[in-house]
Amino acid sequence: MSSYNNIEKIKYASPDCVVTLQEYIVFENERAEEKYVVFKFSNNVSQQLLGMEFEVSQYDIDGNIVEKSVVIYNKFLSKPNASFVPNAKLKVNFAFKTLSVRLVQAAFDRFLWKEGAYLDNSYKFEHYAADRDTEKPRPAVAPAEKPATVAPKKAKGQMPFKVKNATRKNIPRFPGILNFFICAIVIAAIGVSIYLFSVGSQSFTLDNFDLKIISEEEKTVAVTGYRGEETEISVPETLGEYNVIRISKDAFKNSDIESVEFATNLYIEGFAFNGCENLKAVSSLYSVSVTENAFYNCASLETVLTPDAYLYSGCFTGSTGLTLINFRATDAVRLSALFGGETPSKTPLIICPNLPSGFYN
């Protein structure tokens, strides 16, 4: 029989990401005062998931954080586009009542997702690289015996002595160390040229949006800048043949835009709208992930109507004039946490079906 006297399954509304948490099960043993959690995730990418790292924040009944853990699963986890349950339980604080999960990084067949950035697949987890701690030592190999030296045969007509050009002593010889430096400079110049060409070939402009290719194979790009003069803009789902899935850091820094609509599913990086002092309204009917400091110091921002958005703590730091916020879920346990710990000048109207308990305390 199981020693757990309380087992609870909890549905979890996580932000849209490459890997999302669907639900978790809490196993509680009151006598031993122990709790364990088993997670069920979803791999949302059409590639195998090789390993991942995520952060678990645990809160007590009043919404105060009691413990924070970083979890690493460094073995093969999931097939493409499939749900999976890692073969491990996480021991949590016995005082914990709710938790939130934030994905830090996930390694796939052909790329690494790390803190919202897509990197190439040359990365391997520190604890996962080749399982080097479990490799068996290779047996020593006896050094091969050197073959017997055989005197080369003299070709017909070959002189039995070496010929040296006597005029050589009058020719200045270029120092070998300078040859080394010249080769190094040439190699470095070639490397810089290749890098600049690569960066240039991955960045371009369409419809007044500066773009950078995330994946040529999947035709995805990130918005890195805006060159237009319009003050009311809409970020479209596609630009040319590419799908827009991200707004990069400083993409709209100090822009004069007054309103922005997101017409596609997006991940908005920190400081993407840094210092947009004229920005008043943000709207979207799509799934949007708004990270910390995304709308930093937007002093005129009043309304955020994004009913399917996930808001991370600190996403409105310095934008304390907000009067209406509509969103799906958040990892902020207090209203002030959305504003980086600041208190809004006036308590805004919040429309959200998944507010944590004690949110307005």
Side-chain angles (χ1 to χ4, degrees), residues 1-17 19-42 52-73 83 85-86 88-104 289-293 304 306-317 320 322 324-344 346-361:
M1 294 180 60
S2 172
S3 61
Y4 299 107
N5 52 6
N6 186 18
I7 300 176
E8 183 181 11
K9 180 183 291 187
I10 301 171
K11 294 291 184 182
Y12 185 88
S14 63
D16 290 332
C17 193
V19 178
T20 55
L21 176 61
Q22 293 180 333
E23 61 185 21
Y24 59 91
I25 301 176
V26 181
F27 297 83
E28 179 179 352
N29 186 336
E30 289 183 352
R31 177 175 297 180
E33 292 191 349
E34 292 181 346
K35 282 186 180 179
Y36 293 86
V37 171
V38 174
F39 299 96
K40 181 179 180 181
F41 293 92
S42 174
M52 68 177 185
E53 176 182 346
F54 60 91
E55 182 182 86
V56 179
S57 299
Q58 306 168 34
Y59 307 95
D60 61 18
I61 194 170
D62 296 322
N64 300 312
I65 189 165
V66 294
E67 193 168 321
K68 183 177 288 188
S69 308
V70 175
V71 183
I72 296 177
Y73 288 125
S83 298
V85 177
K89 289 187 295 187
L90 174 66
K91 186 174 183 179
V92 294
N93 194 293
F94 188 72
F96 126 95
K97 292 297 181 183
T98 60
L99 59 78
S100 65
V101 171
R102 182 178 70 87
L103 182 66
V104 177
S289 294
V290 186
T291 63
E292 183 179 6
N293 295 322
V304 175
T306 53
D308 198 24
Y310 187 92
L311 305 183
Y312 286 86
S313 296
C315 61
F316 298 125
T317 300
T320 54
L322 274 163
L324 173 61
I325 313 175
N326 185 9
F327 56 97
R328 171 171 53 83
T330 180
D331 68 345
V333 296
R334 298 282 188 275
L335 173 62
S336 60
L338 285 176
F339 298 88
E342 299 180 66
T343 302
K346 181 179 179 182
T347 301
L349 174 63
I350 303 293
I351 303 174
C352 176
N354 300 300
L355 283 180
S357 60
F359 184 76
Y360 288 101
N361 290 347

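The model shown is predicted, which means the values in this text are computed figures rather than measured ones. Only heavy atoms go into these numbers, but all of them, side chains included; no hydrogens, no water, no symmetry mates.
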Heavy atoms only: give me the nearest [X]-[Y] pair and the separation to one decimal.
X      : Y      : result
Ala332 : Pro356 : O-CG, 3.3 Å
Val304 : Leu322 : CG2-CD2, 3.7 Å
Gln58  : Val92  : OE1-CB, 3.4 Å

Item to check | Non-neighbouring partners of Asp308 that pass salt bridge (charged side-chain N to carboxylate O under 4.0 Å, His left out), sequence neighbours left out | outcome: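 Asp308 satisfies salt bridge (charged side-chain N to carboxylate O under 4.0 Å, His left out) with Arg328 once adjacent residues are dropped.
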Do the non-hydrogen side-chain atoms of [X] and [Y] ever get within less than 4.5 Å of each other?
X      : Y      : result
Pro348 : Leu324 : no
Thr320 : Thr343 : no
Phe41  : Pro86  : yes
Phe96  : Val37  : yes
Val70  : Glu53  : yes
Phe359 : Val333 : no
Val101 : Leu99  : yes

Rounded distance (nearest 0.5 Å) linking atom [atom1] of [X] with atom [atom2] of [Y]:
X      : Y      : atom1 : atom2 : answer
Ile351 : Leu349 : CD1   : CG    : 5.0 Å
Lys35  : Lys91  : NZ    : NZ    : 13.0 Å
Ser357 : Asp62  : OG    : CG    : 7.5 Å
Ser313 : Phe339 : OG    : CZ    : 11.5 Å
Cys315 : Phe327 : SG    : CZ    : 8.0 Å
Lys89  : Ile25  : NZ    : CD1   : 11.0 Å

Next on the checklist: Can you tell me how the ring of Phe54 sits relative to the ring of Phe39, calling it parallel under 30°, perpendicular over 60° and tilted otherwise?
Outcome noted: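 Phe54 and Phe39: perpendicular rings.
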Next on the checklist: So that I know where these two stand, are Tyr310 and Tyr312 an aromatic pair - ring centroids less than 6.0 Å apart?
Outcome noted: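 Between Tyr310 and Tyr312, the centre distance is under 6.0 Å.
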Checklist entry - Passes side chain to side chain contact (heavy atoms under 4.5 Å, CB included), Ile325 versus Leu311? Steps please. => result CA-CA 10 Å; Ile325 313 175; Leu311 305 183; 3.9 Å; yes
Checklist entry - Looking only at atom types and distance, does a side-chain atom of Asn29 sit under 3.5 Å from a main-chain N or O of Glu33, one as donor and one as acceptor? => result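 No: the side chain of Asn29 does not pair with the backbone of Glu33.
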Checklist entry - Does any N or O in the side chain of Thr306 come within less than 3.5 Å of the main-chain N or O of Asn326, such that one atom is a donor and the other an acceptor? => result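 At least one qualifying donor-acceptor pair exists.
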Item to check | side chain to side chain contact (heavy atoms under 4.5 Å, CB included) partners of Ala95, counting only residues at least two apart | outcome: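 Counting only residues at least two positions away or on another chain, Ala95 forms a side chain to side chain contact (heavy atoms under 4.5 Å, CB included) with Asn93.
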Checklist entry - With sequence neighbours excluded, what pairs up with Val85 under the side chain to side chain contact (heavy atoms under 4.5 Å, CB included) test? => result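 So Val85 forms a side chain to side chain contact (heavy atoms under 4.5 Å, CB included) with Val38, Lys40.
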Checklist entry - Could you walk me through whether Thr317 and Glu342 pass the side chain to side chain donor-acceptor pair (under 3.5 Å) check? => result CA-CA 7 Å; Thr317 300; Glu342 299 180 66; 5.5 Å; no
Next on the checklist: For Ser100 and Asp331, which I'm curious about, is there any donor-acceptor pair between the side chains at under 3.5 Å?
Outcome noted: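 The criterion, which ignores hydrogens and geometry beyond distance, is not satisfied for Asp331 and Ser100.
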Next on the checklist: Just by distance, no angles: are the side chains of Ser69 and Glu55 close enough, under 3.5 Å, to form a donor-acceptor pair?
Outcome noted: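 No, no side-chain donor-acceptor contact under 3.5 Å.
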Next on the checklist: Please determine whether the number of non-hydrogen atoms from other residues, nucleotides or ligands lying under 6.0 Å from atom CD1 of Ile61 exceeds 12.
Outcome noted: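 No, CD1 of Ile61 has 12 or fewer neighbouring heavy atoms, counting only those of other groups under 6.0 Å.
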